[in-house]
Amino acid sequence: MNEQSTQPPPPPAIDEVLREESSQSGKPSTSGRSSALDTPEANVIAGRIRPTVLVLAGGVGSGKTSVYAAIYERLGRGPFGGWTFSGSTTIPGFESRCFHWRVNSGRSSPYMPHTSADALPWLHLSLRDVGDERLRLNLLLGDFDGELFEKVLDGRTPSTELPFLFRADHVGLVVDGDRFADPITRAAEVQRATDLISGLALPGGLADTTVLSVVLTKLDILHNLAASDRADAETKLEGLTNTISRIAGVDVPLLRLAVRSKTSAFPIGHGLEMFLERLAVRPAIQVGQRAPIYVPRMSFR
Amino acid sequence: MTTPASEAFPVLMVGLPESGKSTYLGALFHLLRSGAGGRFQFAELPAERDYLIELETAWLTFAPLERSRFRGVKQVTMTLQVADPDESVRIDLPDLTGEDYMRAWESGDWLEDVKGVITRARAMLLFVRADLVVAPALIEVEVDRPLSEDAQPQKWNPSEAPTQAILCDLLEQIEDMRGGALPPIAVLVTAWDTVTEFKLSPTEWLAWQTPLLSQWLEARSGGARCRVFGVSAQGGDVSVDAIRNQLARDAGLRPIPPGGNTLMAPLEWLLETPREIR
């Protein structure tokens with residue numbers, strides 16, 4: 001066989017293509033309804049159904065969009081975690097985000113394009129309890145450009161200038177499992193997460209620090225480490241969670257996700273059951289009702 | 001309890017291109033006028049019979065339909081005599097093209113007359129063709145797939161989205177247009193003959209192949225306002241010569257595949273759905 005023919009083709013300029021796609025991901029002309037909602041549109045939903053507002057706060061490429069997309073992708077395969085799909089006003093937005101995980105994308109492995117700064121941020125998803133025992137979970141998911149949170153962590157943008165954070169019922173502080181797994185970038189990731197919690201926890205930034213969770217993404221990469229390195233990573237992760245809890249003044253739970261792993265040991269949406277369990281707790285923190293201490297019913301390590 | 005003929009019973013047919021809406025109409029017309037419609041037969045022949053005869057002829061001769069050459073609403077009204085109880089009912093069954101629905105998914109563009117049909121409807125027939133479901137197939141991980149020379153990642157194209165996503169979005173748009181209230185929905189899994197090998201009920205098949213849609217419907221209705229039917233207007237795979245020749249021997253009376261329903265069953269259920277939940 002000709003050696004040249006075994007070489008994969010040079011990477012296409014896909015980032016440019018995806019940037020073009022995601023920059024129009026607010027209301028693209030290629031889909032009937034909104035791919036995402038702007039804040040006034042999200043307010044309309046908020047006025048009608050008192051949604052649970054979730055904001056994942058983390059840097060560029062940390063896996064925020066993948067978490068949102070994976071909830072939809074899992075529901076597209078049937079009910080899970082005791083919840084069933086009951087609607088979304090942003091189905092085209094979920095579809096366009098999940099597209100690069102699917103066979104018809106033409107890709108050989110899953111990919112998630114970065115969310116651009118000018119993309120409309122809010123995705124909507126309505127879930128119904130399988131047993132009809134709990135209230136419907138109407139989620140407004142804030143899919144913001146990671147650059148926004150880079151500005152919060154380095155102090156360029158005080159969290160008090162981002163009013164959606166105060167409205168959020170849940171704020172997930174995202175720790176990038178890929179960066180955390182790498183011994184070279186691990187300390188920097190710890191520092192970034194510490195800086196971000198310091199920025200988020202400014203007085204007036206959040207309605208209450210009980211909204212916080214630490215969300216470790218790309219758990220699968222951490223799992224693939226050698227035992228000694230993994231032990232070190234686990235120790236540092238525990239230390240980071242303790243630091244975040246100390247700064248927040250409450251016990252902040254750690255949620256571990258591997259929502260679109262490139263290894264088959266972690267099926268699509270790994271860890272999301274626990275994540276939804278956390279989201280189902282929705283006190284009126286904006287008017288002073290504190291969230292109860294979160295005690296997970298299940299654990300994924 | 002049915003609706004008296006003095007009062008029209010508008011039924012909205014929703015389905016993507018080639019989902020079987022027009023074929024169903026052609027077959028239904030034939031059954032009703034040949035006295036094979038069970039408790040139902042025509043009280044009078046429909047005014048639009050030239051159009052219905054065209055559909056019927058295509059159905060009888062296993063010819064492909066070209067419904068999409070008409071854009072917009074093709075009005076069809078059928079006044080039926082019901083045997084038991086003895087009464088008549090006038091059903092408006094406007095035929096909308098699948099292309100109109102695809103346009104609504106892709107661009108949000110609804111024709112005004114289509115909007116009118118949607119807001120007036122008191123029942124819905126939702127068509128899902130069993131052998132044309134586009135599934136959200138995930139890229140398999142840990143599978144060595146060398147890229148071919150011409151492999152290029154594709155851009156997202158909404159027209160190639162999974163069937164369940166498009167139908168859920170259309171239903172949401174329809175629900176919005178109707179102020180949040182949907183009429184009872186009969187889901188017709190068409191080409192039912194192509195999936196009988198799985199030995200599932202139509203409801204089970206829908207939950208298996210289009211789980212998002214199945215959950216969406218269940219969330220709205222709790223089951224009471226929605227029922228799933230397996231129908232086969234053609235009666236078999238007419239692309240196979242032997243089957244087509246077999247069916248042609250009694251072209252007007254196609255077999256009901258195992259686990260399936262008669263063509264009249266969805267309409268009958270919609271007509272008998274109590275008026276208070278329509």
Side-chain angles (χ1 to χ4, degrees), chain A residues 5-9 11-12 14 17-18 20-21 25 27-34 72-73 75-79 83-92 94-111 126-128 130 132 136 260-266 268, chain B residues 101-110 134-173 175-176 180 182 207-222:
Chain A
S5 69
T6 63
Q7 296 294 316
I14 191 62
V17 175
L18 293 169
E20 182 194 335
E21 274 182 45
S25 66
K27 285 184 176 175
S29 58
T30 51
S31 183
R33 294 207 300 169
S34 296
Y72 173 80
E73 190 69 66
L75 289 166
R77 280 152 175 74
W83 297 97
T84 78
F85 176 73
S86 69
S88 168
T89 60
T90 54
I91 289 174
F94 284 111
E95 281 295 323
S96 62
R97 284 164 173 80
C98 293
F99 174 69
H100 302 281
W101 289 351
R102 297 194 184 142
V103 171
N104 61 355
S105 69
R107 292 182 169 275
S108 56
S109 67
Y111 179 84
S126 178
L127 309 180
R128 185 177 66 95
V130 170
D132 261 338
R136 261 181 210 215
R260 188 56 175 121
S261 173
K262 294 181 181 176
T263 65
S264 55
F266 294 85
I268 180 86
Chain B
Y101 287 113
M102 280 307 285
R103 198 172 294 112
W105 153 250
E106 292 177 25
S107 67
D109 169 27
W110 292 93
V134 176
L138 288 172
I139 298 166
E140 282 184 69
V141 294
E142 290 180 343
V143 174
D144 189 21
R145 267 183 310 275
L147 287 172
S148 66
E149 295 267 342
D150 55 353
Q152 288 286 329
Q154 305 294 308
K155 283 182 74 172
W156 181 60
N157 179 352
S159 69
E160 294 169 7
T163 304
Q164 60 178 6
I166 300 175
L167 289 177
C168 284
D169 187 70
L170 288 172
L171 289 170
E172 292 243 351
Q173 293 193 54
E175 189 179 40
D176 280 353
L182 281 177
W208 175 44
Q209 287 295 305
T210 60
L212 202 73
L213 175 64
S214 177
Q215 292 170 78
W216 194 96
L217 292 167
E218 179 67 24
R220 291 300 179 290
S221 66

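Lettering of chains follows the sequences in order, A, B, ..., and the numbering in each one begins at 1.
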Q) With a 4.5 Å heavy-atom cut-off, do B:W105 and A:I91 have their side chains touching? A) yes
Q. Can you list the steps and then say if B:Q154 with A:R107 is a side chain to side chain contact (heavy atoms under 4.5 Å, CB included)?
A. CA-CA 8 Å; B:Q154 305 294 308; A:R107 292 182 169 275; over 6 Å; no
Q. Mind checking what makes side chain to side chain donor-acceptor pair (under 3.5 Å) contact with B:Q215, not counting sequence neighbours?
A. none
Q) Are side-chain heavy atoms of B:P162 and A:R102 found at a separation under 4.5 Å? A) yes
Q. Does any non-hydrogen side-chain atom of A:V103 lie less than 4.5 Å from one of B:L138?
A. no
Q) Quick one: what part of B:Q164 sits under 4.5 Å from any heavy atom of chain A, side chain, backbone, both or neither? A) side chain
Q. Among A:S126, A:P79, A:C98, which residue forms the greatest number of heavy-atom pairs with chain B at distances under 4.5 Å?
A. A:P79
Q: Assess whether side chain to side chain contact (heavy atoms under 4.5 Å, CB included) is satisfied between B:I139 and A:S108, documenting all intermediate values.
A: CA-CA 7 Å; B:I139 298 166; A:S108 56; 6.0 Å; no
Q) Where do B:W156 and A:P92 come nearest, in terms of heavy atoms and distance? A) CH2-O, 3.7 Å
Q) For A:S261, which residues count as a side chain to side chain donor-acceptor pair (under 3.5 Å) partner, sequence neighbours excluded? A) A:D220, A:T263
Q | Gap separating the NZ atom of A:K262 from the CD atom of B:E140, nearest 0.5 angstrom | A | 16.0 Å
Q. Taking the side chain as C-beta and beyond, is there a heavy-atom pair between B:C168 and A:F85 under 4.5 Å?
A. yes
Q: Over all heavy atoms of both residues, which pair between A:R136 and B:R220 is shortest? Give the atoms and the distance, please.
A: NH1-NH1, 4.5 Å
Q: Flag the pair B:N157 / A:F99 as yes when at least one side-chain heavy-atom distance between them is below 4.5 Å, and no otherwise.
A: no
Q) How many angstroms lie between CG in B:L217 and OG in A:S86, if you round to the nearest 0.5 Å? A) 12.0 Å
Q.
Counting heavy-atom pairs under 4.5 Å with chain A, which one of B:L212, B:T210, B:L170, B:V134 comes out on top?
A. B:L212
Q. If you round to the nearest 0.5 Å, how far is OG1 of A:T89 from CD of B:E172?
A. 7.0 Å
Q) Does A:E95 reach the side chain of B:P158, with side-chain heavy atoms less than 4.5 Å apart? A) no
Q. If you measure from CZ on A:R77 to CH2 on B:W208, what distance do you get to the nearest 0.5 Å?
A. 14.0 Å
